[in-house]
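Each remark here refers to the structure printed beneath this line.
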Amino acid sequence: MDGTDDSLLNLHTHGLLVSPYQRKSNSGHVFGDNSFSCTSAQGTNGAVVGKTMHYEMTLDDIGVNGPHPLGIDWIHPHVHGIAKQQLASGMASMIVVGDVNAQLCAKPSPDGKTQLNHCVQISSKAVKHMILKDAQLMKYVSDPPAPDVYHNYTDQNPDFCGVNKLNSGNFGECDADLTSLGDPKVKSGRWVFTINGQQTPHWEIAPDHYEIWRIQNGSANITYRLSLQALAYGQNIARKASFQVLDMDGAGLAPSSAPATVDAPTTQEILLMPGNRADLLVQSPRENSSDVTYALVNDRFQAGYSIGDADVWPHVTLATVRFKASRAYVAAVQTLPAPIQAFAAITPAKVDETRLAADLPNLCVGFDDPTLTAPQKQFFHDHLHIPADWKRRIYFGVVEDTFALGSTLIDNNGNETDVFGRPIADHKVRLSAFSMGGKSDLCVRKDPEPETWELVNVSNEVHNFHIHQLKFAIERQIGGPDDGKPIMRAPSPIDAVGIPNTLLFKNGQADLLHDTIIVPRGSSVPSGGPDHLACGHAINRIDENDLQLKPAAETNECTGMGENGDLSGMIRIRLDFGGAQLAAFDAGGRKMENARFSYHCHILEHEDKGMMASVTVVDPSIYH
């Protein structure tokens, strides 16, 4: 859709586990969560005609044995090439599935007294829904003198405020730095940060009360690094207030008559990358013996390994909250995640594997390679679903303005091949920018057993992996000194702010489920002298749609292959492609089609510039 008009629209329900179907009906097409189709308001000669798309989505798509997870999800348009522009214009909205009381057990304990052994009802007045959005607004020299005539600058320039972006006095906005913008047509500007459309709202929390903040990052590019900082601190006043993290990314906590006694993790800081959501329990710190005002602060976030590698997002105060003197305290206890992978049998007793294999060239990219042999095609077919001790490796790479993804397979002995079984020593890893073609970049087989994916960042700026139709768990280490910690490689300590090291898991008792997760940046600092290159130079440009990862022996220390000295970033996840929402659907006329959707970086500038790939879930039930 690149190069088309900017009135294109469609709808993505980020986090909902629903089908991506496209069905032909008597009155036209009916869509599930399908981002490969869109409509336009433009008619001939620019006339607005208001064309429509019809969506039907139900939250029981994942089956009677797997209730839909509760929590915060959201909706936004997902037109490739202009997604950043549309979200930067405000096109995002929150969806809340279920009642917070079904997700959280709150147990008050007045100071010095024993905590209650039963849950209390959380009043709706204690729950705040907060969507974070920002807009870069500017006046042009030719504007009329009216004071409120601003234009929305949707490019999301990280240097919009230049030297002003790190000022401690930024309340709700920072002023444009005309020097850094370098546009003589701009007279003035301001970068506005809002909560539910309001700049720096203020409210009070009554004595012995707490609030549940349901926060969504609805920005296109910005990572929020949130903390509660006292505006004045001294004796008996905590400089930063701690809060409990109840939920991440609409992970869903199941209602239970006997909730697990797992305390929600506590932190003083949380990272919300684009697409992230969180439920926080906020209350006056125990240290506060009198009324005190705290600011909800977005601290600067450096997206590159070094300052010059990528964007630095600004420091700004988003809101102020006055806590009235309080000595009561509430500890939040979590219930366990909903059992979303308890599915009925999905594979028919007999599958015509020959027919399935014959259809793969119509579904999956790569089969147009004339050098492919019959055994290599058979390898592809046999590894549509990989064994439990294998991994898929997904590479994230950047060269100039090209953002690209690629994938390989790692067998149980650590050998890396492409999806046709060809060793990468002989067949370099190919990274590609997204194409809207009808074949998918990745094909997987519908299967109730999960797959392990290793997300590898061979660039020196952070990325944010998101996959449609699914939620996933982070794989963690078992046994040893790092038992329970996530399996990851983070050359930069910036990527270990609160999440993922402490907030991915409920104190080791149960996995949190995610649909968006940080992919740690690689290092831009070479450790082997001037002849060694680090991340950011790990991919050799071939042309704008064909990037190749060089083997370690050729160039550098940012290979992504995990050997000693590898300077790439990595995090490992576990995905389940067995859900009923991924089943083949009737596209009309009893023609069955496989589910097709996408995964991408949810920093939408990266996604718009190519860091997205399509995936088809091959359903064996079609081939019998």
Side-chain angles (χ1 to χ4, degrees), residues 1-63 68 73-83 85-87 89-95 97 359 362-364 434-441 443 446 467-470 579-600 604 607-608 612-619 621-623:
M1 299 181 199
D2 276 327
T4 53
D5 70 81
D6 60 5
S7 71
L8 291 170
L9 279 172
N10 59 14
L11 187 67
H12 169 47
T13 58
H14 183 129
L16 294 188
L17 304 188
V18 293
S19 172
Y21 69 82
Q22 178 177 338
R23 184 181 68 241
K24 182 72 174 177
S25 68
N26 292 333
S27 57
H29 281 93
V30 179
F31 298 92
D33 185 359
N34 186 312
S35 59
F36 295 112
S37 299
C38 60
T39 189
S40 174
Q42 297 280 19
T44 56
N45 300 320
V48 177
V49 296
K51 294 181 180 178
T52 61
M53 294 179 73
H54 298 276
Y55 290 88
E56 288 180 356
M57 285 171 275
T58 59
L59 300 194
D60 61 357
D61 277 358
I62 62 171
H68 194 284
D73 296 305
W74 59 309
I75 57 174
H76 62 83
H78 206 293
V79 181
H80 182 62
I82 57 174
Q85 174 184 332
Q86 293 184 330
L87 258 76
S89 299
M91 300 184 75
S93 185
M94 184 183 289
I95 297 175
V97 180
D359 199 26
N362 303 318
L363 303 174
C364 317
F434 179 69
S435 171
M436 193 57 77
K439 297 181 182 181
S440 285
D441 305 287
C443 286
K446 184 171 168 59
I467 189 166
H468 295 199
Q469 326 316 134
L470 295 177
Q581 80 275 21
L582 305 179
F585 57 87
D586 184 349
R590 295 187 176 182
K591 179 185 177 183
M592 300 300 294
E593 291 191 5
N594 292 297
R596 182 172 181 255
F597 48 96
S598 63
Y599 58 91
H600 58 89
L604 293 183
E607 184 267 336
D608 280 344
M612 183 163 80
S614 53
V615 54
T616 287
V617 179
V618 181
D619 190 341
S621 67
I622 297 179
Y623 307 97

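Remember, predicted model here, so these are calculated numbers, not experimental data.
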Distance-only, no hydrogens or angles: does the Lys446 side chain make a donor-acceptor pair with backbone N or O of Gly579 under 3.5 Å?
-> yes

Has the side chain of Ser40 got a donor or acceptor atom that lies under 3.5 Å from a matching backbone atom of Leu8?
-> no

Test item: His29 side-chain N/O and Met53 main-chain N/O as donor-acceptor pair under 3.5 Å = no

For Asn594 and Asp619, indicate whether the former's side chain and the latter's backbone hold a donor-acceptor pair under 3.5 Å.
-> yes

For Asp33, check salt bridge (Lys or Arg N to Asp or Glu O under 4.0 Å) against everything at least two apart and list the hits.
-> none

Parallel, tilted or perpendicular for Phe31 and Tyr55, by the 30°/60° rule?
-> tilted

Donor-acceptor side-chain pairing of His600 and His80 below 3.5 angstrom = no

Examine distances only and state if a side-chain atom of Tyr21 and a backbone atom of Glu56 form a donor-acceptor pair shorter than 3.5 Å.
-> yes

Pro20 side chain near Phe36 side chain, heavy-atom distance below 4.5 Å | no

Salt bridge (Lys or Arg N to Asp or Glu O under 4.0 Å) filter on Lys591, not counting sequence neighbours, yields Glu593

So, the side chain of Asp73 versus the backbone of Ile95: is there a donor-acceptor pair under 3.5 Å, distance only?
-> no

May I ask you to decide if the ring planes of His14 and His76 are parallel, tilted or perpendicular, using 30° and 60° as cut-offs?
-> tilted

